[in-house]
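Below is one structure, written out as structure tokens; comments come after it.
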Amino acid sequence: MIERKIEEFIISYLKKNKIQNTDWNISQNNKKGFGDYSSNIALVLAKILKKAPIDLANDILEFHKEDNLFSIFVTKPGFVNFTVDNSYYSDVVNQILSDKDSFAKPKAKKQTANVEFVSCNPTGPLTIGHGRQAVLGDIISNILSWHNYDVTREYYYNDAGKQMRVLAQSCYAKYANKIGRKFESPENGYVGEYLDDIVEKIIEKYGNDLDENDEKFRTFTEKEIFQNIQETLNSLNIVFDVFSKEKSFYDNGSINEVLKALEKLSLSYKKDGATWFKTTALGKEEDKVLVKSTGEPTYRLPDIAYHIDKVKRDFNLIVDIFGADHIDTYPDVLLALESLGHRVDHIKVVIHQFVTLKEDGKVVKMSTRKANFVTLDELIEKLSADIIRYFFIMRGANSHLDFDLDLAMDESEKNPVYYLQYAHARISNLGKRFKKEVGETNKINLQLLDKEDEMSLMKKLSQFPKKMEQLHESLEPRQLATYLEELAAQYHKFYGNHKVIDLDNAELSHARMALCDATQIIFKIGLSILGITAPERM
RNA sequence: GCCCCGGUAGCUCAGCUGGAUAGAGCAACGGAUUUCUAAUCCGUAGGUCAUAGGUUCAAAUCCUAUCCGGGGUACCA
């Protein structure tokens, strides 16, 4: 990467002048007039050395020996600007063409990662909010896979708690109602239509004389709903490797172990019949309940046991993806792990904000319990997986996402997804024609590419490795989407202004086609990480 | 009350580990089509980067306060 070379150059200057590290940087310029890269090194040094920044910048300029990598010029108030030689960019194109799908892919040894996402209890169909998390988690997993991680996609859910009991009661209420018994739906019960369908199936399968406390109202319902959840995820091409059930941590005794261990450390105590986690001893403002006075643990306790289990499975990286409603709970879990002597420095938590759905220009409020939500299934009926996936990550995870249903459907032609896919398809089509009309060659002279649009496109391609590095750090899929949109814009512009197939100039034609091929390779890599198809034609 | 996000063009949002002239898409307006598939391109217009202070050679970006929107603050998950 050229940034490295520039960095090395500046460091060599600092070494020669015996200047200790300072807080300087190299930034890339998208504007004209300042070269490809600039450094603030002289501005930063000015203060320490008590010299004019412009003089320092000129000193750096003089220090630089002629080479064929980059040239330097200085602008006020003291920026050192680097203009990278064109040959660097054509080298990148060559590199892409020879490495193909593995271009820029790190060669580091395999590591393991666990990504936990969705983790929604089987009490109802997935909503649009879950959809965001599902897609986010899947793409983050793809990013890690690309960076040579062996990724385990994991779904954790509560198959034993209070919510499941309420679900069973709600189901029975519908059942009773159907067969003419009297039974009040529980307070805060589930009333969604999906339960009616399940009740129909129960009657069909088990008849209409089941007892109120029959196990089937829980087990059958859970199975049905969970199957539906998996089907929904599958239709977005999301497949999990591991399902962890909360109940297993009761059964194997690890929840009790956590309680004992915390007690031993005097980090828990009893009050009002409940067991409390003494987080105030660890710098928090309030203590939190671990076991309710009813004897039932809160979600926090099994969560701790579950995370200990994940840590013990020895992954190099653990990623938890939560909705904004969990923002206050995960620090407690991490605190517990730390105080019990477990590693937490390899746990990354990704928090995403909520989705608001807009229909007919109005915001639709959603709640699973009240059943006035729009399900992910309904969305999938209307839109393709490609579009849904893209829409969910086209905003930063930390921003609220306005999902405008009307826009996603009615204006699908103006959808950014098509813009990307079209760039890819255009190149495919062009390639076919090119083969027929121009033929092949083994001598490609990329030095012929020096037009502004060609250079801009090559520069955009050269940014890919750096982008992927940033992506690894941020785990923010939107950054890749933004990059691909920029690349597509650059490509369409190039395509519009220059003929690739020019029968009077075969040499130039080949050079341009090579540039197109390289661009297509980057699209392929990018789109596959986003889990979006790269069509040959549209 | 306290904590966490966010407030950038008419709308939806990038940019935020400080850098030079704040960007896209949509919407509006004006052009390009006997095409290498126009699902595209070119151009015009659109901004007190919520507000007020502060730090800095340099602030949309960092700090403080205020205002507005969302979420949390449960012996719900």
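Naming convention: chains lettered A, B, ... in sequence-line order (proteins, then strands); numbering from 1 in each chain. Given the structure is predicted, the values throughout are model-derived calculations rather than measurements.
In this entry the distance linking NZ of A:K493 with P of B:G43 reads 6 Å, nearest Å. Regarding A:D386, its CG atom lies at a distance of 14 Å from the C1' atom of B:A39, rounded to whole Å. The separation between A:Y330 atom OH and B:U73 atom P is 15 Å, rounded to whole Å. Spacing between atom CE of A:M164 and atom P of B:C76 amounts to 17 Å, rounded to whole angstrom units. Regarding A:H326, its NE2 atom lies at a distance of 22 Å from the P atom of B:G70, rounded to whole Å. Between A:F392 atom CZ and B:C13 atom C1' there is a gap of 17 Å when expressed in whole angstrom units. Spacing between atom OH of A:Y299 and atom C1' of B:C75 amounts to 11 Å, rounded to whole angstrom units. Nucleotide B:U40 holds its C1' atom 17 Å from the NE2 atom of A:H424, rounded to whole Å.
Ring geometry, A:F240 versus A:F117: the interplanar angle falls from 30° to 60°, so the pair is classed tilted.
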- Kindly indicate, with the supporting measurements, whether the criterion side chain to side chain donor-acceptor pair (under 3.5 Å) is fulfilled by A:H326 and A:D320. CA-CA 11 Å; A:H326 276 70; A:D320 285 335; over 6 Å; no
- Message: salt bridge (Lys or Arg N to Asp or Glu O under 4.0 Å), that's the test. Do A:K247 and A:E222 meet it? Break it down for me.
- Response: CA-CA 14 Å; A:K247 199 165 172 291; A:E222 176 191 325; over 6 Å; no
- Query: salt bridge (Lys or Arg N to Asp or Glu O under 4.0 Å) between A:K310 and A:E116: does it pass, once the steps are laid out?
  - Reply: CA-CA 10 Å; A:K310 278 203 284 192; A:E116 183 206 332; 2.7 Å; yes
- Test side chain to side chain donor-acceptor pair (under 3.5 Å) applied to A:D272 and A:S293, step by step: CA-CA 7 Å; A:D272 303 333; A:S293 52; over 6 Å; no
- Task: Apply the test side chain to side chain donor-acceptor pair (under 3.5 Å) to residues A:D386 and A:Q421: give CA-CA distance (whole Å), side-chain angles for both, the deciding distance (0.1 Å), then the verdict.
- Result: CA-CA 10 Å; A:D386 282 346; A:Q421 292 181 320; 3.1 Å; yes
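Going from the C1' atom of B:U44 to that of B:G6 covers 33 Å, rounded to whole Å. Rounded to a whole angstrom, the distance from the C1' atom of B:U17 to that of B:A59 is 14 Å. Atom name P, nucleotides B:C42 and B:U48: the rounded distance is 27 Å, in whole Å. Remark: the separation of the P atoms in B:A24 and B:G31 is 22 Å, to the nearest Å. B:G19 and B:A60: their P atoms are spaced 10 Å apart (whole Å). Nucleotides B:C4 and B:A20 place their P atoms 29 Å apart, quoted to the nearest Å. Taking the C1' atoms as reference points, B:A77 lies 48 Å from B:U40, given to the whole Å. One P atom belongs to B:A22, the other to B:C49, and the distance between them is 10 Å to the nearest Å.
Residues A:R165 and A:E296 are paired through a salt bridge, judged by an N-O separation under 4.0 Å between the basic side chain and the carboxylate.
Closest to the side chain of A:E286, out of B:C75, B:A14, B:A74, is B:A74. In this structure, of B:U73, B:C41, B:A77, it is B:A77 that holds the atom nearest to the side chain of A:N158. Listed nucleotides B:A14, B:A77, B:C13 differ in distance to A:D402; the shortest reach to its side chain belongs to B:C13. Considering only side-chain atoms of A:N121, the nucleotide from B:A77, B:C4, B:C41 that sits closest is B:A77. You'll find that the side chain of A:D325 is closest to B:G72, out of B:C42, B:G72, B:C57. Taking only side-chain atoms of A:R395, from C-beta outward, the nucleotide of B:C75, B:G71, B:U12 with the closest atom is B:U12. Considering only the side chain of A:N398, B:C5 comes nearest among B:C5, B:C75, B:G72. Among the nucleotides B:A77, B:C75, B:C5, the one closest to any side-chain atom of A:H400 is B:C5.
Side-chain N/O atoms of A:S293 and base N/O atoms of B:C75 include a donor-acceptor pair closer than 3.5 Å.
Comparing A:V291 and A:V500 against RNA chain B, the residue whose closest nucleotide sits nearer the 5' end is A:V500. A residue-by-residue look at A:G496 and A:L430 shows that A:L430 has its nearest nucleotide of RNA chain B further toward the 5' end.
Looking at heavy-atom distances under 4.0 Å, A:E536 makes contact with a base. Within 4.0 Å of A:F354, counting heavy atoms only, lie sugar-phosphate atoms of the nucleic acid but no base atom. A:F434 comes within contact range of no nucleotide atom at all, as no heavy-atom separation falls under 4.0 Å. A:A274 comes within 4.0 angstrom of a nucleotide base, judged by non-hydrogen atoms across all strands. Base engagement by A:A425 is indicated by at least one non-hydrogen atom pair under 4.0 Å involving a base atom. A:D303 comes within 4.0 angstrom of nothing in the nucleic acid, heavy atoms only.
Checking A:T280 against A:D287 by side-chain atom types alone, a donor-acceptor pair falls below 3.5 Å.
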- Task: Kindly express the pairing pattern of RNA chain B in dot-bracket notation, using | wherever a base pairs with another strand and counting only Watson-Crick or G-U pairs under 3.5 Å.
- Result: (((((((..((((.....[...)))).(((((.......))))).....(((((..]....))))))))))))....
Just the atom pairs and distances: protein N or O near nucleotides 15-22 of chain B's N or O, under 3.5 Å.
from	atom 1	to	atom 2	distance (Å)
B:G15	OP1	A:R478	NH2	2.3
B:G19	N7	A:N40	ND2	3.1
B:A20	OP2	A:K31	NZ	3.2
B:A20	N6	A:S38	OG	2.6
B:A20	N6	A:N81	OD1	2.8
B:A20	N1	A:T75	OG1	2.9

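A close approach under 4.0 Å does occur between a side-chain nitrogen or oxygen of A:S399 and OP1 or OP2 of B:A14. Of the side-chain N and O atoms in A:K288, none sit less than 4.0 angstrom from OP1 or OP2 of B:A77.
Centroid-to-centroid, the aromatic rings of A:Y306 and A:Y156 come within less than 6.0 Å. Ring pair A:F226/A:Y157: centre-to-centre distance below 6.0 Å.
Scanning both residues, A:L167 and A:P122, for their nearest heavy atoms gives CD2-O, 3.5 Å.
Side-chain contact between A:I139 and A:R389 is present, with heavy atoms from C-beta onward closer than 4.5 Å.
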